[in-house]
Q: 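Starting off with a structure, shown below.
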Number of protein chains: 2
Amino acid sequence: MQLYCYAVRMPRIVDHEERRQQIVFALWLVIAEQGIEGVSLRHVAAEAGVSMGRIQHYFGTKEALVLAGCTALVDSAYGGYLETADAAPRDRLLHVVSQQIPRDDGGRVGVSVWYAYVAKSINHTAVRQVLAEARRGAEEECVRLIRADRGAGAEDPAALDRARRLLALADGLTLRVLVRDLEPDEAVAMLEAEVDRI
Amino acid sequence: MQLYCYAVRMPRIVDHEERRQQIVFALWLVIAEQGIEGVSLRHVAAEAGVSMGRIQHYFGTKEALVLAGCTALVDSAYGGYLETADAAPRDRLLHVVSQQIPRDDGGRVGVSVWYAYVAKSINHTAVRQVLAEARRGAEEECVRLIRADRGAGAEDPAALDRARRLLALADGLTLRVLVRDLEPDEAVAMLEAEVDRI
DNA sequence: CGTTTTGCAATACGATCGCATCGTAACAGG
DNA sequence: CCTGTTACGATGCGATCGTATTGCAAAACG
């Protein structure tokens, strides 16, 4: 029992975090292909090309694995946002609301997984909390960006309303694109128009 | 093999449709409480207070039961819309987009089930087709209502765009209310404002 | 060298699953 | 009455599930 096992002794050196991410990525693929119902330790292990024992070793339980996949998804989206730090507020705002629109198969995987977690969040407390926090963060960030874009101070009470409408619209449009009722370009164009109306 | 078994002979008279609806209702409850993952023939049977054999008799397979639950949900929503036939176009439009906002526990069950099916539709072809048809119907109806409300003829090209934005916004807001990030009243107010802006 | 700790792979177990099968009670028609 | 059909309830089966357990190879430490 020490602060970090890395600091004192570490037999059999492996990159803990890399192993975890590799498994989480396989989890995402399974969810995207078969939905969250299709997630079993055996399926994920097969997709990742590792043994079930490894997954147990790194995540302990299926529950923990699924939850780790959720937080990893949120972290990944947040990381993508941080990369836009140099852009103008208006462009950053557009990124936040349109980043989830699936433009290719890769994006489709990501947003499929995201929607799977959204549905799970209805009945699963821990997932709901993770998504709720992410949503709150996105909302606050949108409010900040809207105010920055308009050059207004913190006294703009309509910004929250605009942010909410923008984010809700983005969610609805994302769903349409996901089920192929709408083309990605059309969705992005509608979001762009909505952003510029602010 | 005859047109309707009712017409010629029917030993052991039971109301076929009533039995099916009773089971479907139990299915909805299970989905609302435990998500679609929690659906098993045994759980649904227990919730309905019937035997597994009965469910098999009326639906044959789990797959068929789940799909029947989906079409029943769509039909139920459509039935609710038909009851607004006497109202003004603007009010009917508001009904279409705000009917899904959960105001009480009953509404919450319905929309939980609806979102569960939405997530399933990503990976399930038959469910996707049912929901796609319903969405198309809703979109066309919204376009009609918008044109009727503005007194415009069929020459209004912006109506489709408005309908799409309205429906997408409704979906996004519904989700917020469902996960308790937003109050039902706020969501309805936002939709009302959006309807009146048209 | 040996000891200890980590990083797994393999397997075993009990629970739960969808579904097929079988038996039977209830009723209609002859 | 008898026969045929429907409407189930009950049960069993093989597959799959999550997880606990066991065992061992590899590497760090002394």
Side-chain angles (χ1 to χ4, degrees), chain A residues 1-24 26-27 30-31 33-69 120 123-124 126-127, chain B residues 1-24 26-27 30-31 33-69 120 123-124 126-127:
Chain A
M1 189 79 86
Q2 50 253 28
L3 283 180
Y4 283 105
C5 56
Y6 304 101
V8 181
R9 63 184 67 178
M10 187 179 61
R12 202 101 174 276
I13 45 165
V14 294
D15 186 332
H16 217 82
E17 206 46 46
E18 189 191 327
R19 299 272 205 218
R20 286 176 62 96
Q21 284 184 2
Q22 178 191 144
I23 293 170
V24 163
L27 167 72
V30 171
I31 295 179
E33 285 166 11
Q34 321 193 39
I36 263 203
E37 295 176 82
V39 172
S40 77
L41 295 189
R42 284 162 234 263
H43 286 158
V44 175
E47 181 78 55
V50 304
S51 76
M52 264 177 55
R54 184 120 115 199
I55 299 185
Q56 284 190 278
H57 181 70
Y58 282 103
F59 295 95
T61 165
K62 176 192 176 182
E63 178 89 359
L65 169 65
V66 170
L67 191 59
K120 191 174 182 65
N123 303 286
H124 194 289
V127 170
Chain B
M1 189 82 87
Q2 50 252 21
L3 283 180
Y4 284 104
C5 58
Y6 305 102
V8 180
R9 63 184 68 180
M10 186 179 62
R12 203 101 174 281
I13 46 164
V14 295
D15 186 333
H16 218 82
E17 205 47 44
E18 189 190 329
R19 298 273 205 220
R20 286 177 62 96
Q21 284 182 4
Q22 178 190 144
I23 293 170
V24 163
L27 167 71
V30 171
I31 295 179
E33 284 167 10
Q34 321 193 41
I36 261 202
E37 296 176 83
V39 172
S40 77
L41 295 187
R42 284 161 235 265
H43 285 158
V44 175
E47 181 78 55
V50 303
S51 76
M52 261 177 60
R54 185 120 113 199
I55 300 185
Q56 283 190 275
H57 180 70
Y58 282 102
F59 295 94
T61 164
K62 176 191 175 181
E63 177 89 1
L65 169 65
V66 170
L67 191 58
K120 191 172 183 67
N123 303 285
H124 194 289
V127 170

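Chain letters run A, B, ... following the sequence lines, proteins first and then strands; every chain starts at 1.
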Q: Within less than 4.0 Å of OP1 or OP2 of C:dG7, is there a side-chain N or O belonging to A:Arg54?
A: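 Result: no.
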
Q: Take A:Arg19 and A:His57 through the test side chain to side chain contact (heavy atoms under 4.5 Å, CB included) and record every step on the way to the result.
A: CA-CA 11 Å; A:Arg19 299 272 205 218; A:His57 181 70; over 6 Å; no

Q: Hey, which sits more toward the 5' end of DNA chain C by its nearest nucleotide, A:Met52 or A:His57?
A: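 Final value for this comparison: A:His57.
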
Q: From CD of A:Glu17 over to P of C:dG7, roughly how many Å is that when rounded to an integer?
A: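 Interatomic distance, CD of A:Glu17 to P of C:dG7: 13 Å.
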
Q: What is the distance, rounded to the nearest whole Å, between atom CD1 of A:Ile55 and atom P of D:dA20?
A: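 Taking atom P of D:dA20 as the reference, CD1 of A:Ile55 is at 15 Å.
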
Q: When all nucleic acid strands are considered with a 4.0 Å heavy-atom cut-off, which category describes A:Gln56: base, sugar-phosphate, or nothing?
A: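 Since a base atom lies under 4.0 Å of A:Gln56, the category is base.
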
Q: Within residues 33-46 of chain B, which residues have any heavy atom lying less than 4.0 Å from an atom of DNA chain D?
A: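 Those residues whose heavy atoms fall under 4.0 Å from DNA chain D, taken from residues 33-46 of chain B, amount to none.
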
Q: Heavy atoms from C-beta onward define the side chain here; which of C:dG7, C:dG18, D:dC8 lies closest to that of B:Lys62?
A: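 Minimum distance to the B:Lys62 side chain belongs to C:dG18.
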
Q: Please name all residues satisfying side-chain contact (heavy atoms from CB on, under 4.5 Å) with B:Gln21, sequence neighbours left out, ordered by chain then number.
A: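 Applying side-chain contact (heavy atoms from CB on, under 4.5 Å) to B:Gln21 gives B:Glu17.
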
Q: Does C:dC19 have OP1 or OP2 sitting under 4.0 Å from an N or O in the side chain of B:Thr61?
A: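 Yes, such a contact exists.
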
Q: Nearest-Å distance, CG (B:Leu65) to P (C:dC17)?
A: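 Distance, rounded to whole Å: 14 Å.
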
Q: On the nucleotide D:dC8, are OP1 or OP2 found under 4.0 Å from the side-chain N or O atoms that B:Arg19 carries?
A: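 Checking B:Arg19 against D:dC8: at least one side-chain N or O falls below 4.0 Å of OP1 or OP2.
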
Q: Looking at residues at least two apart in the chain, or sitting in another chain, which of them share a side chain to side chain donor-acceptor pair (under 3.5 Å) with B:Glu37?
A: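 Expected list: A:Lys120.
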
Q: Applying salt bridge (Lys or Arg N to Asp or Glu O under 4.0 Å), which residue pairs with at least one partner in residues 48-64 of chain A are found, sequence neighbours left out?
A: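 Qualifying pairs: none.
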
Q: Could you work out, with side-chain contact (heavy atoms from CB on, under 4.5 Å) as the rule, every residue matching A:Ala126, not counting sequence neighbours?
A: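 Partners of A:Ala126 under the side-chain contact (heavy atoms from CB on, under 4.5 Å) test: A:Leu67, A:His124.
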
Q: In Å, rounded to the nearest 0.5 Å, how long is the span from CZ of A:Arg42 to CD1 of A:Ile55?
A: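 Here the interatomic distance stands at 10.5 Å.
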
